[in-house]
Enquirer: 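I have a structure I would like to understand better, so I am pasting it below and will then ask my questions one at a time.
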Amino acid sequence: MVLRVILVGVPGVGKTTVVQGVVSGYPGAKLVTFGSLMFEAARSLRWVKDRDEMRKMPVEKQKRLQRMAATRVARMKGEAILLDTHLFIRTPEGFWPGLPFEVVRAMKPTHLVLVIATPEEIAKRRMADPTRARDEVTVEGLREELDIARSFLTVSSTLTGAPMLIVRNEQGKAEEVSKSLIRMLEQAAK
Ligand code: AP5
């Protein structure tokens with residue numbers, strides 16, 4: 001069976017760390033970072049120099065990048081494609097869906113995985129990462145983002161018929177989360 005897993009989570013929750021652990025422990029798994037595909041397109045159009053600038057662009061421009069990235073993903077072949085992306089983007093125009101109808105349908109996911117952590121853990125992880133221009137957000141703001149993420153996840157699951165799994169990435173336990181996802185993939189591939 002071909003697996004197409006969409007992994008999502010608010011920025012800084014640790015989804016990239018978790019998905020990298022899955023890729024290194026699951027033979028045949030291929031990691032695709034949706035934000036990197038969008039950034040490649042944005043750079044070639046000379047729209048931005050840094051990936052963190054993308055979410056500040058007018059939403060209409062971001063939609064163009066999103067469609068370009070989704071077209072590339074839809075054409076990808078492989079035994080297990082793990083797609084690292086977002087359920088929504090915090091833009092100056094409001095929360096904008098990362099997986100609108102046409103995008104999520106084009107990707108044909110078999111599974112949807114939401115990585116969560118406590119707002120306090122996420123805030124600490126964001127602040128500890130000097131390599132990124134993270135948005136400043138309060139613990140209350142993060143709590144709101146986590147609630148919104150669950151709503152968007154439910155919609156994506158309903159639109160695609162893919163099961164949704166919510167995994168908690170506790171402090172210092174990213175490897176355990178990766179292992180639990182590898183077990184899920186092994187079960188699904190049977
Ligand atoms: P993207 O590249 O996905 O960046 P991001 O959202 O900032 O996510 P990160 O990968 O940086 O954070 P993460 O949650 O994966 O955390 P990490 O593993 O690094 O997206 C870039 C941009 O692309 C977006 O802003 C948006 O503009 C655009 N985009 C993407 N998808 C889109 C879509 N569908 N539609 C429209 N636009 C889209 O971990 C963070 C830190 O925590 C690390 O230091 C790590 O070591 C640490 N850590 C992780 N887990 C643990 C743990 N268990 N215990 C202790 N520390 C931990």
Side-chain angles (χ1 to χ4, degrees), residues 5-24 31-43 47-74 82-107 109 112-137 142 145-146 148-149 152-153 155-156 159-160 167-181:
V5 183
I6 295 186
L7 279 115
V8 284
V10 303
V13 73
K15 72 188 153 49
T16 303
T17 306
V18 166
V19 76
Q20 280 169 347
V22 177
V23 170
S24 56
L31 171 61
V32 179
T33 304
F34 197 84
S36 300
L37 298 183
M38 284 180 59
F39 183 46
E40 276 174 33
R43 253 200 324 206
W47 283 355
V48 291
K49 290 197 175 95
D50 184 284
R51 66 200 291 120
D52 287 312
E53 288 172 45
M54 289 194 296
R55 61 180 176 272
K56 314 270 173 24
M57 291 191 319
V59 165
E60 279 309 313
K61 277 187 153 179
Q62 294 187 58
K63 277 187 188 167
R64 195 167 144 198
L65 300 175
Q66 193 185 48
R67 281 196 298 268
M68 289 164 87
T71 305
R72 281 182 68 185
V73 174
L82 306 179
L83 188 72
D84 177 347
T85 187
H86 289 275
L87 286 165
F88 64 88
I89 319 301
R90 187 188 270 270
T91 78
E93 294 166 61
F95 292 115
W96 168 57
L99 296 172
F101 180 66
E102 64 281 10
V103 171
V104 76
R105 286 293 296 267
M107 291 182 189
L112 296 163
V113 178
L114 172 65
V115 180
I116 58 164
T118 65
E120 291 79 9
E121 283 167 338
I122 299 168
K124 246 193 251 164
R125 289 173 200 167
R126 279 195 193 181
M127 278 186 290
D129 185 356
T131 64
R132 299 291 302 270
R134 304 279 190 189
D135 292 339
E136 273 183 38
V137 70
L142 281 168
E145 289 191 10
L146 289 163
I148 294 173
F152 273 113
L153 183 74
V155 173
S156 293
L159 289 177
T160 58
V167 292
R168 189 172 288 279
N169 181 23
E170 280 176 40
Q171 196 60 20
K173 297 198 175 160
E175 211 180 312
E176 283 176 33
V177 182
S178 303
K179 283 184 182 157
S180 75
L181 290 177

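Just the heavy atoms: all of them, side chains too, but no hydrogens, waters or symmetry mates, feed the values below. What you see is a predicted model; the values in this text were computed from it and never measured. Read the numbers this way: they start at 1 and go in the same order the structure lists the ligands and their atoms.
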Enquirer: Numbering the atoms of ligand 1 from 1, which are under 4.0 Å from a heavy atom of R51?
Expert: 1 (P), 2 (O), 21 (C)

Enquirer: Considering only heavy atoms of M54, which atoms of ligand 1 have at least one such atom less than 4.0 Å away?
Expert: 22 (C), 23 (O), 27 (O), 28 (C)

Enquirer: Applying a heavy-atom cut-off of 4.0 Å, say which part of D129 lies close to ligand 1: side chain, backbone, both or neither.
Expert: neither

Enquirer: Should we say atom CZ of R126 is surrounded by more than 12 heavy atoms from elsewhere, each under 6.0 Å from it?
Expert: yes

Enquirer: Have a look at ligand 1 and work out which part of W96, if any, has a heavy atom under 4.0 Å from it: side chain, backbone, both or neither.
Expert: side chain

Enquirer: So which protein heavy atom does atom 41 (C) of ligand 1 come closest to, and at what separation?
Expert: R125 CB, 4.0 Å

Enquirer: Taking the six-membered ring of F39 as reference, does the cationic atom of R43 (NZ for Lys, CZ for Arg) lie under 6.0 Å from its centre and within 45° of its axis?
Expert: yes

Enquirer: For the backbone of G98 and the side chain of Q66, can you confirm whether one donor and one acceptor N or O come within less than 3.5 Å of each other?
Expert: yes

Enquirer: Which protein non-hydrogen atom lies closest to atom 20 (O) of ligand 1, naming both residue and atom, and how far is it?
Expert: H86 NE2, 3.5 Å

Enquirer: What residue and heavy atom of the protein are closest to atom 10 (O) of ligand 1, and at what distance?
Expert: T16 OG1, 2.6 Å

Enquirer: Atom 8 (O) of ligand 1: which protein heavy atom is closest, and how many Å away?
Expert: K15 NZ, 3.3 Å

Enquirer: Do T17 and R125 come close enough that some side-chain heavy atom pair is under 4.5 Å?
Expert: no

Enquirer: Going from CD1 on I122 to CE on M127, what distance comes out if it is rounded to the nearest 0.5 angstrom?
Expert: 11.5 Å

Enquirer: Which one holds for Q171 and ligand 1: side chain close, backbone close, both close, or neither close, with close meaning a heavy atom under 4.0 Å?
Expert: both

Enquirer: At under 4.0 Å between heavy atoms, is it the side chain or the backbone of K173 that contacts ligand 1, or both, or neither?
Expert: backbone

Enquirer: Taking only heavy atoms of G35 into account, list the atoms of ligand 1 that are under 4.0 Å away from them.
Expert: 23 (O), 30 (C)

Enquirer: Measure M38 to ligand 1 on non-hydrogen atoms and call it side chain, backbone, both or neither using the 4.0 Å cut-off.
Expert: side chain

Enquirer: Q62 and R55: which non-hydrogen atoms are nearest, and at how many Å?
Expert: NE2-O, 3.2 Å

Enquirer: May I ask you to list the atoms of ligand 1 that are less than 4.0 angstrom from any heavy atom of V10?
Expert: 14 (O)

Enquirer: Enumerate the atoms of ligand 1 whose separation from the nearest heavy atom of I89 is less than 4.0 angstrom.
Expert: 32 (C), 36 (C), 37 (N), 38 (C)

Enquirer: Measure the distance from atom 31 (N) of ligand 1 to every protein heavy atom, then report the residue, atom name and distance (to 0.1 Å) of the closest one.
Expert: T85 OG1, 2.9 Å

Enquirer: Can you give me the closest heavy-atom contact between K15 and L7, atom names plus distance?
Expert: CD-O, 4.2 Å

Enquirer: Counting distance only, does the side-chain N/O of E145 pair as donor-acceptor with the main-chain N or O of V10 below 3.5 Å?
Expert: no

Enquirer: Of all heavy-atom pairs between G35 and M54, which one has the smallest distance, and what is that distance?
Expert: O-CE, 3.5 Å

Enquirer: Give me the atom names and distance for the closest heavy-atom approach of V13 to A117.
Expert: CG2-N, 3.6 Å

Enquirer: Report the part of V177 in contact with ligand 1, treating N, CA, C, O as backbone and CB onward as side chain, heavy atoms under 4.0 Å; options are side chain, backbone, both, neither.
Expert: neither

Enquirer: Any protein heavy-atom neighbour for atom 53 (N) of ligand 1 (distance below 4.0 angstrom)?
Expert: yes

Enquirer: Report yes or no: does S178 contribute a side-chain atom to a donor-acceptor pair with the main-chain N or O of V18 at less than 3.5 Å?
Expert: yes

Enquirer: So, do P11 and R90 sit near enough that their side-chain heavy atoms are less than 4.5 Å apart?
Expert: no

Enquirer: With a cutoff of 4.0 Å, is V18 in contact with ligand 1, counting heavy atoms of the residue only?
Expert: no

Enquirer: Counting heavy atoms only, which of G12, A133, A117, A174 comes nearest to atom 14 (O) of ligand 1?
Expert: G12

Enquirer: Tell me the closest heavy-atom pair linking S180 and V177, and the distance in Å.
Expert: OG-O, 2.8 Å

Enquirer: Could you pull out, from R90, Q66, R55, the option with a heavy atom nearest to atom 25 (O) of ligand 1?
Expert: R55

Enquirer: Between R64 and E60, does a salt bridge (charged side-chain N to carboxylate O under 4.0 Å, His left out) hold up when you go through it step by step?
Expert: CA-CA 7 Å; R64 195 167 144 198; E60 279 309 313; over 6 Å; no

Enquirer: Among T131, V13, T17, which one has a heavy atom closest to atom 17 (P) of ligand 1?
Expert: T17

Enquirer: Checking S24 side chain against Q20 main chain: does a donor-acceptor pair fall under 3.5 Å?
Expert: yes

Enquirer: Is there a heavy atom of R134 sitting under 4.0 angstrom from any atom of ligand 1?
Expert: yes

Enquirer: Which of the atoms of ligand 1 are close to G172, meaning less than 4.0 Å from one of its heavy atoms?
Expert: 52 (C), 53 (N), 54 (N), 55 (C)

Enquirer: Taking N or O atoms only and a 3.5 Å limit, does G98 qualify as a polar contact for ligand 1?
Expert: yes

Enquirer: For atom 50 (N) of ligand 1, what is the nearest protein heavy atom, given as residue, atom name and distance?
Expert: N169 ND2, 3.0 Å

Enquirer: Heavy atom to atom 9 (P) of ligand 1, shortest distance: which of R132, E176, E170 holds it?
Expert: R132

